[in-house]
Every structure is written in C-alpha cells, then in structure tokens.
Amino acid sequence: MDTLPANIPGLVWAYSFPAGSGKAVRLQNSAFPAELLSGEGFYWLHLNLADARVPALLDTLDGLSEDAKAALTTRDTHAAITVDEQMLFGTLIDCQREFDQDTADLGWLHFAISDRFIITTRLQPLRSLERTRAMIEKNSAKFSRPVDLFELLVIEFQRTLISVVMELTEELNLIEDFVYDNVSRDERRRLAPARRTIVRLHRHLRNVLTLMRRASASDEDEMPFGFEDIAGRLTSRLEAVDHDIYALQERARLLHEEIDSKQSSETNRHLYILSLMTAFLLPPTLVTGFFGMNTTNLPFAEGASGTAYAGALIVASVLLAWWLLKRVNIL
C-alpha cells in the first residue's frame with residue numbers, strides 16, 4: 001500500500017486505463033495531476049470532498065464544464081443525472097461503509113464522465129465504490145470506455161441493494177415471528193428503523209430510475225457514446241431491485257398494521273376486564289356507601305350481627321351483578 005502523502009488534493013485513488021489494453025494501472029500518491037492526462041485512454045480519479053482543496057483542483061482539470069464542477073462539489077442530498085455536451089454528470093445514491101462493517105445508511109456519489117475521464121467524489125466511504133475498486137485491483141474487469149466503468153459502478157450499487165434487501169428481509173422475518181407469536185410483544189420500535197430504511201431506499205431509487213430514463217431519452221449528440229444502451233440495461237437491473245424493495249415496503253406496512261391490531265386488541269381486552277371489575281365492585285360500593293352515611297336509624301346498627309348482615313348484602317350484590325351481566329350476554 002502506498003502510504004506517501006498524496007500530491008493530488010483529496011486523492012482517494014486514481015487509475016489510468018491505457019487505450020487498447022483495458023487493464024487499469026493505479027497511480028501512486030506521488031503522481032501529479034498532469035500524469036492523469038498522459039497517453040491515450042482514460043482515467044478514473046476518485047476524490048474526498050472533505051478536503052477543501054478539491055474545488056481548486058477541479059478548476060485545473062481540462063474537459064470539465066462549470067456545471068460538471070458544481071455537480072462534483074455539491075452537498076445536495078438528492079439524485080441527479082444530466083447529459084450535456086457529450087458529458088454525463090450528477091449524483092447517485094449509495095450505501096455507506098465503516099472501517100469494520102458495511103451499513104445501510106445512504107451516502108452520495110458525485111460523478112462526471114466524458115470520453116477521457118470519469119471523476120467521482122464523496123464525503124463518506126461507499127460500499128459500491130469499494131467493491132468496484134476491488135474488482136479493478138483483481139484485474140477481473142476490463143474497460144474500453146469511461147461509461148463502461150460507470151455501468152460497473154451502478155451494477156455494484158444494484159448488488160449492494162440486493163445485499164441490503166436480504167438483510168432487511170431477515171430482519172422482517174424475525175419481527176414477523178414475534179408478531180405472530182402467542183406472546184404479546186411490542187415490535188414497533190424494532191420495525192421503525194427497517195421501515196425508514198426501506199422507504200428512503202424506495203424513494204431515492206425511484207428518482208434514480210426516472211432520471212436514468214430521462215437521460216437515455218436525450219439527443220444522441222449530447223450523450224456520451226454508448227450510454228443509451230448502457231442506460232437501458234441499468235434501468236432493467238434497477239427496476240428489478242425496486243420491485244423487491246417495494247414488496248418489502250408493503251410487507252413492513254402490513255406488519256405495522258398487524259402490530260397495531262394486536263395492540264388494539266390487547267387494549268380492548270384490558271378495558272373489558274376493567275369494565276367487568278367496575279361492574280362487580282359498583283354494587284358493593286353502593287352498600288358500603290349506604291352504611292357509611294352519617295344518619296340515624298341505619299339498619300343492623302344495633303346488635304352483634306350487623307357486620308355479618310352487611311357482608312351478606314355485599315356478597316349478594318356481587319352475585320346480582322354477575323347474574324345481570326350473564327343475563328345480557330356480557331359474560
């Protein structure tokens with residue numbers, strides 16, 4: 001691993017793809033920006049937006065329009081794909097990755113593509129980018145055009161989504177087992193993060209699909225060579241994943257409704273028990289209230305058996321209440 005300080009501001013990695021071979025050559029950290037343009041072929045430059053010098057570096061690179069530079073340095077959190085002057089630039093979604101694990105948190109990949117380069121920028125490490133870099137390092141993929149590398153990036157994003165869908169499916173399976181179990185358990189707190197992730201993925205993926213279709217419908221003179229066919233293949237791939245995510249969204253919604261239904265049934269059962277207790281205790285309360293009045297000539301006030309008689313009235317009132325509830329089919 002090259003651990004020397006990078007001469008290119010914000011450099012995460014850079015690859016050169018010589019014309020004809022299609023095999024990538026990784027540039028060392030000691031490389032200067034001028035080396036990116038040396039020779040035929042194209043290059044892939046990946047930058048970290050946390051470095052404040054990145055906008056100044058982009059101003060020195062040839063072939064970037066002002067709109068493309070703005071797309072590479074934007075902090076917007078929504079997808080965008082623009083085709084202009086045989087360039088493709090914008091923002092795509094991806095899932096973030098930590099040093100020790102992958103996550104389902106969304107991140108943003110900014111890109112600009114022409115026939116000579118593909119430049120990408122990001123703030124957080126992204127799962128699909130790392131998988132693409134790993135494939136290039138293994139020389140398991142060859143690229144003759146920058147749009148071919150863009151296609152691999154989106155394909156790896158689709159594979160990342162499939163992994164996330166499988167993780168969310170497993171999580172919903174566990175929640176479902178508890179929801180339909182006989183033991184009463186509130187799983188709404190556990191379901192909420194999964195639903196939030198599913199809804200966000202579905203919303204942003206639908207936006208990406210719309211933008212991809214719109215970009216593929218642009219004039220052929222405006223889009224990079226070969227992008228129309230690539231856009232059609234990528235749209236088909238993403239639509240398949242979007243169908244799975246939509247199915248997960250419906251499943252999570254039904255689970256939430258089932259949890260609410262069980263909670264409502266449990267609440268109604270508690271209220272039913274409370275109502276029965278109130279019905280049983282109301283007649284004894286009336287009896288004890290009567291004997292507790294501060295008046296004269298109360299029955300059973302004289303003699304040693306007054307308390308027994310009062311107790312008998314209480315029991316009789318409870319039995320009467322039970323008979324009445326049974327008579328009207330409440331019990």
Side-chain angles (χ1 to χ4, degrees), residues 44 46 71 74 76-84 87-97 102-113 118 120-122 124-136 141 143 145-170 172 194-218 220 222-253:
W44 178 21
H46 183 48
T74 184
D76 292 341
T77 56
H78 59 81
I81 300 177
T82 303
V83 175
D84 185 32
M87 285 189 63
L88 183 70
F89 53 87
T91 302
L92 294 176
I93 62 171
D94 201 349
C95 294
Q96 299 180 27
R97 62 183 300 270
D102 294 331
T103 72
D105 297 332
L106 294 184
W108 303 96
L109 172 65
H110 313 289
F111 66 92
I113 303 172
I118 173 171
T120 55
T121 61
R122 53 78 172 164
Q124 302 89 4
L126 302 175
R127 293 172 61 171
S128 303
L129 279 174
E130 183 60 29
R131 291 160 64 107
T132 303
R133 185 199 63 79
M135 293 187 64
I136 292 176
F143 309 95
R145 303 169 301 180
V147 289
D148 295 331
L149 182 55
F150 174 77
E151 182 178 15
L152 179 60
L153 282 171
V154 180
I155 289 175
E156 289 302 325
F157 168 62
Q158 180 220 10
R159 291 171 179 166
T160 299
L161 286 181
I162 292 175
S163 300
V164 174
V165 167
M166 294 177 64
E167 294 169 4
L168 291 171
T169 300
E170 184 63 26
L172 292 184
R195 289 193 71 193
R196 181 168 58 250
T197 300
I198 293 170
V199 169
R200 293 187 65 194
L201 283 176
H202 181 64
R203 180 174 66 247
H204 290 298
L205 185 56
R206 294 301 302 174
N207 190 23
V208 170
L209 282 168
T210 301
L211 293 170
M212 195 76 72
R213 295 191 190 97
R214 187 180 302 169
S216 64
S218 303
E220 293 184 2
E222 293 289 330
M223 69 177 63
F225 177 75
F227 175 71
E228 184 176 3
D229 295 335
I230 288 175
R233 293 195 296 268
L234 294 179
T235 300
S236 299
R237 283 177 168 269
L238 294 178
E239 282 179 343
V241 182
D242 181 65
H243 178 74
D244 293 337
I245 294 176
Y246 178 75
L248 276 182
Q249 186 177 6
E250 287 298 304
R251 184 181 176 190
R253 181 182 62 81

So does Arg253 have more than 12 non-hydrogen atoms from other groups sitting under 6.0 Å from CZ?
->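 Atom CZ in Arg253 is crowded, with more than 12 foreign heavy atoms closer than 6.0 Å.
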
Please check if any side-chain donor atom of Trp44 sits under 3.5 Å from a side-chain acceptor atom of Thr120, or the reverse.
->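 Judged by distance alone, the side chains do pair up.
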
Are [X] and [Y] side-chain neighbours, meaning at least one heavy-atom pair lies under 4.5 Å?
X	Y	answer
Thr210	Arg214	yes
Thr82	Leu88	no
Ile230	Arg233	yes
Gln249	Arg195	no
Leu152	Met135	yes
Thr169	Arg251	yes
Val164	Cys95	yes
Phe157	Leu161	yes

State the [atom1]-[atom2] distance between [X] and [Y], to the nearest 0.5 angstrom.
X	Y	atom1	atom2	value
His243	Leu238	NE2	CG	15.0 Å
Arg237	Leu234	CZ	CG	7.5 Å
Glu250	His202	CD	NE2	8.5 Å
Arg122	Leu92	CZ	CG	15.5 Å
Arg200	Ile245	CZ	CD1	12.5 Å

For [X] against [Y], the heavy-atom pair lying closest together:
X	Y	result
Gln124	Gly107	OE1-CA, 4.4 Å
Leu248	Leu168	CD1-CB, 3.9 Å
Ala79	Val208	CB-CG2, 3.7 Å
Ser128	Thr160	OG-OG1, 3.1 Å
Leu205	Ile93	N-CD1, 4.2 Å
Leu129	Asp94	N-OD2, 3.8 Å

Salt bridge or not for Asp242 and Arg206, using N-O below 4.0 Å?
->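 A salt bridge links Asp242 with Arg206.
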
Using a strict 4.0 Å threshold on nitrogen-to-oxygen distance, state whether Arg213 and Glu239 make a salt bridge.
->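 Salt bridge flag = yes for Glu239 with Arg213.
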
With sequence neighbours excluded, tell me which residues meet side-chain hydrogen bond (donor to acceptor under 3.5 Å, both in side chains) with Asp76.
->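 So Asp76 forms a side-chain hydrogen bond (donor to acceptor under 3.5 Å, both in side chains) with Thr74.
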
Determine, step by step, whether Ile155 and Arg159 satisfy the side-chain contact (heavy atoms from CB on, under 4.5 Å) criterion, reporting the C-alpha distance in whole Å, the side-chain angles of both residues, the deciding distance to 0.1 Å, and the verdict.
-> CA-CA 6 Å; Ile155 289 175; Arg159 291 171 179 166; 3.7 Å; yes

Flag, side chain of [X] to backbone of [Y], donor-acceptor distance under 3.5 Å:
X	Y	value
Gln96	Leu106	yes
Arg127	Thr103	yes
Thr91	His110	no
Asp244	Val241	no

Compute the ring centroids of Phe111 and Phe89, then answer whether they are less than 6.0 Å apart.
->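 Judged by ring-centre distance (under 6.0 Å), Phe111 and Phe89 do not meet the cut-off.
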
Chi angles and distances behind the side-chain contact (heavy atoms from CB on, under 4.5 Å) call for Thr132, Leu149 = CA-CA 9 Å; Thr132 303; Leu149 182 55; 3.9 Å; yes

With sequence neighbours left out, write down each residue that passes ring-ring contact (aromatic ring centres under 6.0 Å, His included) with His78, or none if nothing qualifies.
->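 For His78 there are no ring-ring contact (aromatic ring centres under 6.0 Å, His included) partners, ignoring immediate neighbours.
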
Please work out which of the three classes, parallel, tilted or perpendicular, describes the rings of His204 and Trp108, given edges at 30° and 60°.
->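 Perpendicular, since the angle between the ring planes exceeds 60°.
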
